[in-house]
Amino acid sequence: MQCSRIVFGAALACAVAMAQADPLIFSAAGANAAAIQSQVDAYRASLGTLNANVPGSFGFGRREINWDGVPDSFAATNALPGNFFNVNSPRGIVMATPGSGFQVSANSGVGTIDFGNINATYPGLFAPFSAQRLFTALGSTITDVRFFVPGTTTPGVTRGFGAVFTNVDLEDTTGIEFFDLADQLLGHYFVQNTPGDQTLSFLGVEFIEGPIVARVRITSGNQILASTNISANVVVMDDFIYGEPVAPRAIPEPSTLSLLMLAMAITIGSRRVKRR
């Protein structure tokens, strides 16, 4: 019966390893959009079909935000509400920041592009991935994104999240942290840097266990956008790409069920050994 214990133990170890498998990482950086396009496309393909911006969850596929459809009334120099992409355009995210709010850059002909309204040098530092608007938190480098079943107040989870960044000069400063429903850290990943102005970087992370991410925290650079910050590592964002937000499952994930079943089998096996 010792052999049975070894088999059960090996199976349990294997199940644990599967449950804690490393996520898929999609990352690139370079001088222009072409430098990151292949990794962006690979991430999109891994998440699945692009879904329409409508309430309710499709249960699969992905959603995207490129900021370009935001009305002028919610773009610079006006503020963007943190719940815009769950209420006005239902895509299942609500954003918060310890700063003063959020802003989407203005379109050409309407205002100064690429946050030139904040600092006249910024259009020379930032470049969009999908023309022509960009996104930033104001008064902070932190953007917290929580997921919801699109168009509802029901908390949601997703299998992955990614974003495009521009002007990431320094390594290990810009990154994304992933948290589960219990607000436990699932992982912290840094965005690739590339020296120079108007550069682009992309980071996308997909958890192969399935939808387990309830919140992400984005750190963009190490300095806030301000009229005095022109040489510091100021970073803003473009496209958000993420797995379709779904309601948390009432039934444990298959990996969790496997662990429970194996644990029960080990317990039964141990009892049988003691009786003999």
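Just so you know, these numbers use all the heavy atoms, side chains as well, and skip hydrogens, waters and symmetry mates.
Side-chain contact between Ile93 and Ile65: present, with at least one pair of heavy atoms (C-beta onward) separated by less than 4.5 Å. In this structure the side chain of Asn229 never reaches within 4.5 angstrom of the side chain of Asn119, judged on heavy atoms. The shortest distance between side-chain heavy atoms of Phe179 and Gln184 does not fall below 4.5 Å. A 4.5 Å side-chain heavy-atom check between Leu24 and Val205 finds every atom pair outside the cut-off. Taking the side chain as every heavy atom from C-beta outward, Val145 and Arg215 never approach each other to under 4.5 Å. You'll find the side chain of Thr166 stays beyond 4.5 Å of the side chain of Val235, heavy atoms only. No side-chain heavy atom of Arg146 sits less than 4.5 Å from a side-chain heavy atom of Val216. Counting heavy atoms from C-beta on, the side chains of Tyr189 and Phe178 come closer than 4.5 Å.
Salt bridge present: Asp144 and Arg217 bring a charged side-chain N and a carboxylate O closer than 4.0 Å. The residues Arg159 and Glu209 are annotated as not salt-bridged, no charged nitrogen and carboxylate oxygen being separated by less than 4.0 angstrom.
Judged by distance alone, the side chain of Gln198 and the main-chain N or O of Pro123 form a donor-acceptor pair under 3.5 Å. Put simply, the side chain of Ser140 never gets that close to the backbone of Pro98: no donor and acceptor are under 3.5 Å apart. Not a single donor-acceptor pair under 3.5 Å links the side chain of Thr154 to the backbone N or O of Val149. Looking at Tyr43, its side chain does come within 3.5 Å of a backbone N or O of Phe161 through a donor-acceptor pair. Between the side chain of Thr141 and the backbone N or O of Thr219, no donor-acceptor pair lies under 3.5 Å. A distance-only check finds no donor-acceptor pair linking the side chain of Asn53 to the backbone of Ser89 [under 3.5 Å]. Asp114 places no side-chain N or O within 3.5 Å of a backbone atom of Gly116 that could act as its donor or acceptor partner. Judged by distance alone, the side chain of Asn193 and the main-chain N or O of Asp172 form no donor-acceptor pair under 3.5 Å. Side-chain N or O atoms of Arg133 include one that pairs as donor or acceptor with a backbone N or O of Ser105 at under 3.5 Å. Between the side chain of Ser201 and the main chain of Gln192, a donor-acceptor pair closer than 3.5 Å is present.
Under a cutoff of 6.0 Å and an axis angle of 45°, Arg91 and Phe85 do not form a cation-pi pair.
Remark: the Ser46 side chain and the Glu206 side chain contain an N/O donor-acceptor pair separated by less than 3.5 Å. Judged by distance alone, the side chains of Glu244 and Asn51 do bring a donor and an acceptor atom under 3.5 Å apart.
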Stepwise, does the side chain to side chain contact (heavy atoms under 4.5 Å, CB included) test hold for Val104 with Thr136?
CA-CA 7 Å; Val104 172; Thr136 189; over 6 Å; no

Check the pair Leu203 / Gln39 against side chain to side chain contact (heavy atoms under 4.5 Å, CB included), numbers first and verdict last.
CA-CA 9 Å; Leu203 173 64; Gln39 283 295 290; over 6 Å; no

Does the side chain to side chain contact (heavy atoms under 4.5 Å, CB included) test come out yes or no for Val164 and Asn66, once each step is laid out?
CA-CA 10 Å; Val164 173; Asn66 61 20; over 6 Å; no

Start with the C-alpha gap between Val213 and Val157, add the side-chain angles, then the distance that decides, and say whether side chain to side chain contact (heavy atoms under 4.5 Å, CB included) holds.
CA-CA 5 Å; Val213 180; Val157 287; 5.9 Å; no

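Between Phe135 and Trp67, the angle of the ring planes stays under 30°, which puts this pair in the parallel group of the 30/60° scheme. Taking the six-membered ring where tryptophan is involved, the planes of Phe60 and Phe58 are perpendicular, since the angle between them exceeds 60° and thus also 30°.
Within the model, atoms CG of Asn78 and CG of Asn117 stand 10.0 Å from one another, a figure rounded to the nearest 0.5 Å. To the nearest 0.5 angstrom, Ile212 atom CD1 is 7.0 Å from Asp180 atom CG. In this structure, the separation between CZ on Arg63 and OG on Ser57 is 7.0 Å, given to the nearest 0.5 Å. If you take OG1 on Thr174 and CG on Asn222, they are separated by 7.5 Å, rounding to the nearest 0.5 Å. Atom OG1 in Thr158 sits 12.0 Å away from atom CZ in Arg62 (nearest 0.5 Å). Remark: Glu64 CD to Phe240 CZ distance equals 12.0 Å, nearest 0.5 Å.
Pro245 and Pro150 make their closest contact through O-CD, 3.9 Å (heavy atoms, listed as atom of the first residue, atom of the second, distance). The minimum heavy-atom distance linking Ala106 with Ala76 is given by the pair CB-O, 3.7 Å. Looking at every heavy atom in both residues, Asn233 comes nearest to Asp169 through OD1-N, 3.1 Å. Nearest heavy atoms, Val234 versus Leu225: CB-CD1, 4.4 Å. Taking every heavy atom of both residues into account, Gly139 and Ser100 meet most closely at N-OG, 4.2 Å. Thr143 approaches Ala137 most closely through the heavy-atom pair OG1-CB, 3.6 Å.
Aromatic ring centroids of Tyr242 and Phe147 lie under 6.0 Å apart. Phe202 and Phe26 have their aromatic ring centers separated by at least 6.0 angstrom.
Hydrophobic clustering (ILVMFWY, side-chain heavy atoms < 4.5 Å, transitive): Ile208 and Val246 are in distinct clusters. In the hydrophobic cluster analysis, where Ile, Leu, Val, Met, Phe, Trp and Tyr join through side-chain heavy atoms closer than 4.5 angstrom, Phe102 is grouped together with Phe84. Clustering ILVMFWY residues whenever any of their side-chain heavy atoms sit less than 4.5 angstrom apart, transitively, puts Val236 in a cluster other than the one holding Ile113. One hydrophobic cluster, built from ILVMFWY side chains closer than 4.5 Å, holds both Leu138 and Phe115. In the hydrophobic clustering of ILVMFWY residues, with side-chain heavy atoms under 4.5 Å counting as a link, Phe74 and Val87 come out apart.
Exactly one of Ile176, Leu134, Asp238, Asp239 qualifies for a side-chain contact (heavy atoms from CB on, under 4.5 Å) with Phe165. That residue is Ile176.
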